[in-house]
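A quick write-up on the structure given underneath.
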Amino acid sequence: MSMPFYVAPEQMMKDRADYARKGIARGRSLAAVTFEDGILIVAENPSSTLRKVSEIYDRIAFGGVGRYNEYDQLRVAGVRAADLKGYAYSRDDVDARSLANQYSQILGQIFTHEVKPMEVEILVAEVREEPRGDQMFHILYDGTVVDEHRYSVLGGDSEVIAERVAETWSEGLSLRDALKVAVGALAGPERTLGPDDLEVALLARSNGRRAFRRLEDDQVRDLLS
C-alpha cells in the first residue's frame, strides 16, 4: 500500500503565499494618498473598460490590484453588504472598518482552505466630516488587515513606491500636489505616466454625501500640467 503524500502545513502556507505574491506582482500598482479635502486614489491602468477603483457606498471607495475577475467579485460583495446594512439599519452604520473585517474573513478563509488563494490586494477607504476620521485599510491576499495612515500602496512594487511617496508627501496637500506625488511615485525616475495610463478617483468631503468622484483624462492632464 502506498504511503499518503504529506506536505507540512508551514510549507503549504508558504507555497500559497508565494503563488499569490507572484500573481499580484504581474499587475500594476495603486497608490492612495490623503490631501486637504479627502483621499486621492491613483492606479496605473491603461484600460478604459476595466476599473481598479470604484465606489462602494456614500463615503467609501474600493481599490484592487492583481487578478481583475477576483477583486471585482470582492467589490460586488462589498457593495451588496453595504447596501444591505444601510437598508436594514442606517446609512451611518456602514463604515470602512466593518467592510475591511468582512473582506479579511473572506480572503483568510479562501487562503487557508481552498487549493488556490486569491491573487489580490484590496484597499477600502473612507472619508468623514473631519480629516482625523478618515480611514484606509489595506487587505492582503491572506486576510491580513493593515490600518494605513497618510498613504497606502498596493501591488508588487509597493515597498519601492511607498518609499517614493514618503519622500514627497506632506500634510495638507492640495489635490494638484497630491496627484503629482502619487503619479511620480508610481512612475519612478525612469518612466512618465500620462492621463491615458492612469485611473484617478477621489473621496472628497466637499462633494457632499456622495463623496466619490472620478477624474476624466482632461482633468488629470490639467492637474498634472
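What you see is a predicted model; the values in this text were computed from it and never measured.
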Quick one: ring-ring contact (aromatic ring centres under 6.0 Å, His included) partners of [X], sequence neighbours excluded?
{"X": "Phe212", "value": "none"}
{"X": "Tyr103", "value": "Phe62"}
{"X": "Phe111", "value": "Tyr141"}

Can you list the residues that meet the salt bridge (charged side-chain N to carboxylate O under 4.0 Å, His left out) rule with [X], with sequence neighbours excluded?
{"X": "Arg21", "value": "Asp18"}
{"X": "Arg191", "value": "Glu44"}
{"X": "Arg209", "value": "Asp58"}

Atom pairs and distances, side-chain donor-acceptor, residues 174-184, under 3.5 Å, sequence neighbours left out:
from: Ser174; atom 1: OG; to: Asp177; atom 2: N; distance (Å): 3.2
from: Ser174; atom 1: OG; to: Asp177; atom 2: OD2; distance (Å): 3.2
from: Arg176; atom 1: NH1; to: Asp222; atom 2: O; distance (Å): 3.0
from: Arg176; atom 1: NH1; to: Leu223; atom 2: O; distance (Å): 3.1

Restricting to side-chain hydrogen bond (donor to acceptor under 3.5 Å, both in side chains), what partner residues turn up for [X], sequence neighbours left out?
{"X": "Arg164", "answer": "none"}
{"X": "Asp218", "answer": "Arg221"}
{"X": "Tyr57", "answer": "none"}
{"X": "Arg128", "answer": "Glu126"}

Hydrophobic side-chain clustering at under 4.5 Å (ILVMFWY, transitive links): who's grouped with Tyr19? Put none if nobody. none

